[in-house]
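These notes are about the structure you will find just below.
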2 protein chains.
Amino acid sequence: MASRRAARKPQGRYHHGELRRALIEKAASVVEREGVAALSLRDLARRLGVSHAAPAHHFPDKAALLFEIARDGFDRFAAAMEAARAQGTNPLDRLRCVGEAYVHFAIAHPGRFRVMFGREISDLRSIPPELDEAGQRSFGVLVGVVEAVLARWPARRRPPAEAVAFSCWSSVHGAAMLWIDGPLRRKSPPGEARAAFEHDLAFMMKLLGAALMPPSE
Amino acid sequence: MASRRAARKPQGRYHHGELRRALIEKAASVVEREGVAALSLRDLARRLGVSHAAPAHHFPDKAALLFEIARDGFDRFAAAMEAARAQGTNPLDRLRCVGEAYVHFAIAHPGRFRVMFGREISDLRSIPPELDEAGQRSFGVLVGVVEAVLARWPARRRPPAEAVAFSCWSSVHGAAMLWIDGPLRRKSPPGEARAAFEHDLAFMMKLLGAALMPPSE
DNA sequence: CAGCGGAACTTGACACCGACAAGCGCGGTG
DNA sequence: CACCGCGCTTGTCGGTGTCAAGTTCCGCTG
């Protein structure tokens, strides 16, 4: 057992800076698969083959680990928003694409989404600069798309873009939350509930678009 | 110490069926003041002067206690919705009142609101009949108001009420969640953030109203 | 090249939690 | 009067986050 370090070198070795990344990745996968309530630092350490106190050396707090998950989530989220914007063919269509992408991201990654917009993060003491940046990037996509939609309005009667963006944001955020947490999901037949949800979501985006048409007079 | 039962009778006595109700009330107050994460059965028992295992005799599970809080919350919520509807002077105004009441209830009772629409409840095994009833009551108010607004549309082009109700629900729910949990609350000066929120909320309700005006042609 | 400092990790402990099992006291019923 | 069961207590178990102290090993300095 002389060089047991060298022997396990090709495998996962958790010296150096590997543990931190491994913890984040494993934690994110647990959050995605089983939810944030099932996340335990000790269990995480167990799965990674390290002692129960090892995580504490990389994260002062469980909240700090959650924060890292949220940070990563906001990056992916912003990327998804930008990709969705690129798919639209005109301003209104872009708004629809972005809105639906918002909801579909939440449905595809409910655990991550809950952490991102959950209380643990928003209650964080230090105003996290890099997280705010990623969040602003996502919100910026929405605001930009809204501004493009409003560009067709006469400048005189054009409503403020932030207020419109707030409305759009609330709508898609609410739809997402109602689906992943709320009472919508457990309607009679699961598949049918999902289909009805998609239908209602499409309708909502259409309604939003109609409300943002420039006044015809 | 003969009749120590009788002696403490006027004060809080937790024999009989009092403990159950006391637990629910205390738990609700803790949830309102410190959030659901700070709720502990043992601490609850401590505050009520009973042993740590006493709550287990009234609730098989911590989730069962949370369920009771949600149930009570939905009752109050439905009452608030109905009261708000009564304040409106016409269909569109009623929709505005109900929508703002929805958000303001969430802001006034964020802990309760999170439990009501949280994962612990919606993941509950048994479909809870009485809770669904209270939830349906609230949703029914919204649907009723929406139907009244849509009554002015020509029947031929009238959109389905449930889809419109879904849109309205999503909007107000999203606004509420974004405020109580999301990144909105911690804008630069707290008071200003709240004022901006109220302004944006009012704008959103106006936008919703505009989208639901019958086509003029 | 020796050795030293510090980073990464381990071991151990503490307080707390939810859940379970067994026991006790008292009121009401036979 | 004896008994039974409800409401609560005491005790225990496995699990968790966090802190303190010890250990191992890498890489840099002299």
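In this text, all values refer to a predicted model and were calculated from it rather than measured experimentally. Every chain is numbered from 1 and lettered A, B, ... according to where its sequence line falls, protein lines coming before strand lines. All heavy atoms count here, side chains included; hydrogens, waters and symmetry mates do not.
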In whole angstrom, what separates B/Lys62's NZ from D/dG15's C1'? 14 Å

Given D/dT18, D/dT16, C/dA8, identify the nucleotide with an atom nearest to the side chain of A/Asp61. D/dT18

Hey, does the side chain of A/Ser40 come within less than 4.0 Å of D/dG15's phosphate (OP1/OP2), counting only N and O? no

Length of the CZ-P vector between B/Arg47 and C/dC16, whole Å: 14 Å

Classify the ring geometry between B/Phe113 and B/Tyr102 as parallel (under 30°), tilted (30 to 60°) or perpendicular (over 60°). perpendicular

Let me know the distance between CG of A/Leu66 and P of D/dT16, rounded to the nearest Å. 15 Å

Between the protein and nucleotides 20-24 of chain C, are there any N/O to N/O pairs under 3.5 Å, and if so, what are the atom names and distances?
none

What I want to check is whether the side chains of A/Ser171 and B/Ser170 have a donor and an acceptor closer together than 3.5 Å. no

B/Leu48 CG to D/dT9 P, in whole Å, measures 11 Å

Partner residues of A/His109 under the ring pair (Phe, Tyr, Trp, His ring centres under 6.0 Å) criterion, sequence neighbours left out: A/Phe105

Partner set under side chain to side chain contact (heavy atoms under 4.5 Å, CB included) for B/Glu34, not counting sequence neighbours: B/Val30, B/Ala38, B/Arg47

For a quick test of reading the model: is some side-chain N or O of A/Arg42 closer than 4.0 Å to OP1 or OP2 of C/dT11? no

Take the protein atom CG of A/Leu44 and the nucleotide atom P of D/dT18, then report the distance between them rounded to whole Å. 13 Å

Look at the rings of A/Phe139 and A/Trp169 and say which category their plane angle falls in: under 30° parallel, 30 to 60° tilted, over 60° perpendicular. tilted

B/Ser122 side chain to A/Asp181 backbone, donor-acceptor under 3.5 Å: yes

Take atom NE2 of B/His58 and atom P of D/dC6, then tell me their distance rounded to the nearest Å. 12 Å

Under 3.5 Å, side chain of A/Arg114 to main-chain N/O of A/Ile180, donor-acceptor pair present? yes

Return the value, rounded to whole Å, for the distance between atom CG of B/Asp43 and atom P of C/dA19. 15 Å

What is the distance, rounded to the nearest whole Å, between atom CZ of A/Arg46 and atom P of D/dG14? 13 Å

